[in-house]
Amino acid sequence: MTEMTETPLNETLLNEKARIGAPSIPGLTEEGESLTPLEPAETTRPQSASAPASPLGGDAAKGHSHGGGYGIPDSSRAGRLTSYTLEDFPAIRGTEEEWRFTPLKRFGGLHTAALDGAAPAVAVEAPEQVRVETVGREDSRIGSAGIPEDRVSANAWSHFAEATVVTVPAGAELEDRVLVTLTGAGKAAAAQHVVVVAEDGARAVVVLNHVGEAVVSENVEIVLGDGADLTVVSLQEWSDASVHASSQQVKIGRDAHLKHIVVSLGGSVVRVTPTARFAAPGGEVELYGLYFADAGQHLEHRTFVDHAQPNCVSNVLYKGALQGKDARTVWVGDVLIQKQAEGTDSYEKNQNLVLTDGCRADSVPNLEIETGLIEGAGHASATGRFDDQHLFYLMARGIPEDVARRLVVRGFLNEIIQKIGVPAIEEHLTEAVERELAAGDN
Amino acid sequence: MSTLEIKDLHVSIETEQGVKEILKGVTLTVKTGETHAIMGPNGSGKSTLASTIAGHPRYTVTKGSITLDGEDVLEMSVDERARAGLFLAMQYPVEIPGVTMTNFLRTAKTAIDGKAPALRTWTKDVKAAMDQLRIDADFAQRNVNEGFSGGEKKRVEILQLELFKPKFAVLDETDSGLDVDALKVVSEGVNRAHAEGNMGTLLITHYTRILRYIKPDFVHVFVDGRIAEQGGPELADRLEDEGYDRYVAGAGAAKA
């Protein structure tokens, strides 16, 4: 792989701690690096002669606790507008940071149209203990994990007629996975709402399987009670013409653990935005993703982990392969470690494998850290090419070209597949990846 | 007993300045059990010969032939050549993302032999070969060549040579960038493979240093895409003393 960047921030931050009491360094305080180096505090607030020389931190600290840039309210991830109301969000122009990669012309009107098409049909296979309900908009569990963070999510929120609520009761330990199949009902733009609740101490695997043809904006709420251990797998295996926006918001209780795996293979435009928030200390979240973009496909994933509680752990790993003309992928990973989130341990990484000419992979890891009292915070991104040199090397060892290509892609993506832990799904995905590769051979 | 026969080989590459001929008529025969050293100054075409034998797409054969036991090697694809028994230890082995050494070695062995190796003996063979080449056991779980040092990459090339058991091995400047200890380890690996008695070796090198550890039967000196001189091991000794100046000056004089 080339262009690897690694940032061992935990090291620098630990060094920071050692410097407490030492002469202050411009741009750095005992909380870590100041996120507002341009703050013109000195010009607006003359300092007394006895004050520390640094204009940063101390009385220059900004009013907003989440570290927004001075005069740029949403330069911090935490500064982003959230609302249940569509009208609160301005029309999307396509130049905004959060939309600049998305092909809005191909977005099926999810950001502009009234989403009153028929929602994908929901079928749930679940063990007996699991409660499966179809509820109206007024149900108290709607909105329990989060508030829409963008216009497309708010649009779905404004238009969904009924929601599916899947509840794994407190203490239940499921042997079998819960399979929620969402089958697209056609190309009329629609809204969908799904709530998955793992009550205190529950242990389960829930699969959201998106199939068929759809143009849909979806809100998925995932709520973990204290000590719950939940795996959620979101499979996007839509038809070639489908358009899918999926805001997946997670609330994690005390000492709870979520493994969240997004697999995007089918669809014309797929944009999944998982957001994880800790409601109490001691939680752990793993956000994994696998995507394989063919010619003309746009697969976009934007993860956000909001560390607002102390002693929580997060690990993000997204891996993607691209093959064919205008295959396009985007990964943007935001991690915010708020001032009070001491003892945080976080890491995020994205790796892409470009298999042919004509592809484009964007990868943007963002890390905001407001306290130095953490275990670790790191990010990495690497986009490598499978090129003629790799092929020559493998073929010079007797391996035929198609086997060589498969060997590389399978090995690369298997790291994610293996994390699912449900053999039937792992096998299914291994086959699906093989099919993607076979399609590229034509 | 096998024979690798190269006859009047002309090879050119495309450059920005147009087509450039690099090999200008090379004839060479290697038989099982023989070690041939190909020596010569930089740019004389040694590595081009190695890559052409392996079938690298950058090189175009414009004239001449390469045959393995009478079979036309130039008609074969890169992987077919490897399966026919040719092995190139590369000068610059590439890193292969996403493929572990274990997986790679087993896949290649299966491709070359036409059947999967017996799991129990294979694992043992790999481990023993790695030990002998002083390759750390945890390399087996790492991706092919990823993050390996120059010396480690060369040792891994020789590991493959020992495991794949080719009819002919072409070692393209395997000695470059190795310290004395690594050079010995690598040379011992080549000698072990050779001692099995089923392999011929084409050893391409700029320096005579490796010839202290791997004894050639024949030495060929490449200058400007041709064999300028050939002889026995004593020729290597002479090169050690005199260098390539004599040939290079001669080539220059001939052109003038």
Side-chain angles (χ1 to χ4, degrees), chain A residues 1-6 290-292 317-323 349-355 361 363 380-419 430 433-434 436-437, chain B residues 50-59 76-115 141-147 153 156-157 159-161 163-166 169-170 172:
Chain A
M1 305 296 280
T2 52
E3 298 170 48
M4 190 72 176
T5 54
E6 284 271 357
L290 180 166
Y291 45 90
F292 196 133
L317 176 63
Y318 270 64
K319 297 182 92 166
L322 298 86
Q323 169 173 282
K349 180 159 85 171
N350 174 228
Q351 288 177 294
N352 296 298
L353 186 59
V354 176
L355 294 168
S363 180
S381 167
T383 296
R385 250 189 93 88
F386 181 71
D387 62 19
D388 293 346
Q389 294 301 324
H390 298 117
L391 192 58
F392 177 70
Y393 189 86
L394 293 171
M395 288 178 74
R397 302 314 182 225
I399 302 171
E401 177 169 355
D402 58 332
V403 178
R405 207 171 276 282
R406 258 156 235 224
L407 187 68
V408 168
V409 177
R410 201 188 289 145
F412 179 73
L413 295 180
N414 247 354
E415 186 180 355
I416 300 294
I417 294 177
Q418 283 164 358
K419 298 205 184 275
T430 303
V433 167
E434 298 291 324
E436 295 278 340
L437 280 163
Chain B
S51 296
T52 304
I53 294 171
H56 195 288
R58 182 159 180 245
Y59 301 92
M76 300 178 193
S77 62
V78 175
D79 51 319
E80 284 169 348
R81 295 179 196 206
R83 293 199 295 273
L86 298 175
F87 178 87
L88 171 63
M90 304 209 192
Q91 191 176 355
Y92 304 109
V94 294
E95 304 188 355
I96 312 281
V99 183
T100 62
M101 284 293 299
T102 302
N103 190 5
F104 163 68
L105 292 172
R106 195 177 51 238
T107 305
K109 183 69 174 170
T110 304
I112 289 166
D113 290 1
K115 61 175 173 23
Q141 291 316 313
R142 289 170 61 179
N143 289 336
V144 178
N145 293 324
E146 209 171 82
K153 285 180 182 169
V156 165
E157 293 294 288
L159 172 70
Q160 295 170 51
L161 170 68
L163 291 170
F164 300 159
K165 304 192 185 306
V170 182
D172 188 7

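Below, chains carry the letters A, B, ... as their sequence lines are ordered, and counting in each starts from 1.
Exactly one residue among A:Asn414, A:Leu353, A:Asn350, A:Ile416 makes a side-chain contact (heavy atoms from CB on, under 4.5 Å) with A:Lys319. That residue is A:Ile416. A salt bridge (Lys or Arg N to Asp or Glu O under 4.0 Å) with A:Arg410 is found for one member of A:Glu415, A:Glu436, A:Glu434 and no other, namely A:Glu434.
Heavy atoms closer than 4.5 Å to chain A are found in both the backbone and the side chain of B:Pro93. Using a 4.5 Å cut-off between heavy atoms, A:Val403 touches chain B through its side chain atoms alone. Only the side chain of B:Asn145 comes within contact range of chain A, with at least one heavy atom under 4.5 Å from a heavy atom of that chain.
Surrounding CG of B:Asp113 are more than 12 heavy atoms belonging to other residues, nucleotides or ligands, all under 6.0 Å away.
Note: B:Arg83 leads B:Glu80, B:Arg81, B:Arg83 in heavy-atom pairs under 4.5 Å with chain A. Chain A forms more heavy-atom pairs under 4.5 Å with one residue of B:Gly147, B:Ala111, B:Ala54, B:Pro166 than with any other, namely B:Ala111. Ranked by non-hydrogen atom pairs under 4.5 Å with chain A, the options B:Val94, B:Asn143, B:Asn103 are led by B:Val94.
The closest donor-acceptor contact from the side chain of B:Arg142 to the backbone of B:Met101 lies at 3.5 Å or more, if one exists at all.
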Tell me, with the steps shown, if B:Glu157 and B:Lys153 meet salt bridge (charged side-chain N to carboxylate O under 4.0 Å, His left out).
-> CA-CA 6 Å; B:Glu157 293 294 288; B:Lys153 285 180 182 169; over 6 Å; no
